[in-house]
2 protein chains.
Amino acid sequence: MARSDIPDIVIGRLPIYLRALTHLRQEGQEITSSHELGRQLGISSAQIRKDLSHFGEFGKQGTGYNIASLSAELQRILHVDREWKVALVGIGDLGRALANYGGFAHRGFRITHLFDRDPNKIGQIIGNLEILAVDGMRAVLRADRVEVAMITTPAGAAQAVADELVEAGVRAILNYAPIALSVPASVRVQYIDPVLHLQRMVYYLE
Amino acid sequence: MARSDIPDIVIGRLPIYLRALTHLRQEGQEITSSHELGRQLGISSAQIRKDLSHFGEFGKQGTGYNIASLSAELQRILHVDREWKVALVGIGDLGRALANYGGFAHRGFRITHLFDRDPNKIGQIIGNLEILAVDGMRAVLRADRVEVAMITTPAGAAQAVADELVEAGVRAILNYAPIALSVPASVRVQYIDPVLHLQRMVYYLE
DNA sequence: TAGATTGTTAATCGATTAACAATC
DNA sequence: TAGATTGTTAATCGATTAACAATC
């Protein structure tokens, strides 16, 4: 099946499967089944098998899936069998937390560039990275072929930053600013806004 | 239509509508239409009208929607026309960032409790809140009737924290630890894992 | 072999969209 | 009135699930 024919919603679940497989592996398990995975994730086993079937046959009847090899397949499919450079724009509290976050390693990403526009922050070091001026961002990201970025600026600055990122050749943006971005169709955007998640839950309370 | 009959996916979009309305309002606009909202959000106008129709009739033919009153309706529907107390467990970099984040105010939430298990952190003040020992968490949250919590501990501690929160009467958990939690069906859980979002995007790159 | 689980088909279920009467 | 937009219906589209032959 052609890559573009596969539903977005299926792609959205693959990283969840990959994460669950990684945990099982860390616990020393070598084999799993669609039923076990489904039970852990609250997803039907049929759905897991169907999702995987878009990409090939990875299991063995009567046995299930080899965790190591299914993980490798999913990493390859998702393009996280490499390390993507990631730019982080807006080094406030959240930006600092992400810059120090250990969870990117071994999952396909490494933060390689930090940008801010505050002259007091420019030149500071976080981890082993220097905070750079957002003014020169476009040239730097182009030169270093950075295609993935995260925006952790205030809402008011986010659209301008996104425009710059697009100009710099960035094609995937994870936006923490609580605002919908307008970008060309060729650029992917995902959003993280904790308040949206909280609001979705308290609807069901009371 | 009964509250429980409304699809989760519809509930999931209401906070997005509310956020967009808030922005329009901040720009001084008083009226909008399903077409304008849809254009901004990349959602069809029919879907917006259908979603809203689950809850009542909020628009005026030929005119559209009054932004202030539709916002008020959505706040009421989502139960964010009040201020929910929120406990934050795990005061690392991310916990600190969330504790200092200004984005909760006026959107239905206020962080009222901070917990950590590190004796060096307990007693520290962030903003106007003291970091409390996670040992006493259950009693404190019960006494203060806290029903919403965010987990920002390492993955290894998250399930135990979730169990404690459930015991304390918490019914909505936003989990930043990269692990699927197991909780009773009556407790809502949402997840934030930036790596999942990044993985969903780079699938489409190359 | 007996038991278990896959991959796939067909049926079911649910969500989205197009279209339009109603009406401001 | 003429133009615009809602709320709703029916049709379309797409996703999930149940079931099972294949087979390890």
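Below, each value reflects all heavy atoms present in this structure, side chains not excepted, and no hydrogens, waters or symmetry copies.
Residues A/Trp84 and B/Leu205 form a side-chain contact, since some pair of their non-hydrogen atoms from C-beta on lies under 4.5 Å apart. The closest side-chain heavy-atom distance from A/Ile173 to A/Leu165 is below 4.5 Å. At least one side-chain heavy atom of B/Tyr176 sits under 4.5 Å from a side-chain heavy atom of B/Leu98. Taking the side chain as every heavy atom from C-beta outward, A/Ile151 and A/Leu174 never approach each other to under 4.5 Å.
For residues 14-40 of chain A, proximity to DNA chain D is found at no residue, defined as any non-hydrogen atom under 4.0 angstrom from a strand atom. Applying a 4.0 Å cut-off to non-hydrogen atoms, none of the residues of residues 67-79 of chain A approaches DNA chain C.
Partners of B/Gln47 according to the side-chain contact (heavy atoms from CB on, under 4.5 Å) rule, which considers only residues two or more places apart in sequence or in another chain, are B/Arg13, B/Tyr17, B/Ile43, B/Ser44, B/Asp51.
In this structure, B/Glu30 places its CD atom where only 12 or fewer heavy-atom neighbours from other residues, nucleotides or ligands lie under 6.0 Å away. Residue B/Arg110 places its CZ atom among 12 or fewer non-hydrogen atoms of other residues, nucleotides or ligands, all under 6.0 Å distant.
The shortest non-hydrogen separation linking B/Ala68 to B/Arg25 is CB-NH2, 3.7 Å. In terms of heavy atoms, B/Leu88 sits closest to B/Ala99 at CD2-N, 3.9 Å.
Using bins of under 30°, 30° to 60° and over 60° for the plane-to-plane angle, the ring pair B/Phe104/B/Tyr101 lands in the perpendicular bin. Between B/Tyr203 and A/His79, the two ring planes are parallel [angle under 30°; tilted spans 30° to 60°].
In this entry the distance linking CG of A/Leu52 with P of C/dG7 reads 7 Å, nearest Å. The nearest whole Å value for the distance from the NZ atom in A/Lys50 to the P atom in C/dT12 is 16 Å. Here the C1' atom of nucleotide D/dT16 and the CD1 atom of A/Ile43 are 12 Å apart, to the nearest Å. B/Glu57 places its CD atom 18 Å from the P atom of D/dT5, with the value rounded to the nearest Å. What separates CZ of A/Phe55 from P of C/dT8 is a distance of 13 Å, to the nearest Å. One atom, CG of A/Asp51, and another, P of C/dT8, lie 13 Å apart when rounded to the nearest Å.
No donor-acceptor pair under 3.5 Å is formed between the side chain of B/Lys85 and the backbone N or O of B/Arg145. Looking at A/Asp116, its side chain does come within 3.5 Å of a backbone N or O of A/Ile91 through a donor-acceptor pair.
For A/Tyr65 and C/dG7, the shortest distance from a side-chain N or O to OP1 or OP2 is below 4.0 Å.
Stems are defined here as 3 or more consecutive Watson-Crick or G-U wobble pairs with pairing distances under 3.5 Å; those involving DNA chain C are C:3-24 with D:3-24.
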Dump every N/O contact between nucleotides 13-15 of chain C and the protein below 3.5 Å, one line per pair.
none

Hey, what are the protein-to-nucleotides 19-24 of chain C N/O distances that come in under 3.5 Å?
from   : atom 1 : to      : atom 2 : distance (Å)
C/dA19 : N6     : B/Arg49 : NH2    : 3.2
C/dT23 : O4'    : B/Gln61 : NE2    : 3.4
C/dC24 : O4'    : B/Gln61 : O      : 3.3
C/dC24 : O2     : B/Gln61 : O      : 3.3

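Using modelled atom types, one finds a donor on one side chain and an acceptor on the other under 3.5 Å when comparing A/Asp8 with B/Tyr204.
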- prompt: Checking side-chain hydrogen bond (donor to acceptor under 3.5 Å, both in side chains) for the pair B/Ser45/B/Arg49: CA distance, chi angles, key distance, verdict?
  reply: CA-CA 6 Å; B/Ser45 62; B/Arg49 295 198 300 280; 3.3 Å; yes

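Electrostatic pairing of B/Glu36 and B/Arg39 does not count as a salt bridge here, judged by no charged N lying under 4.0 Å from a carboxylate O.
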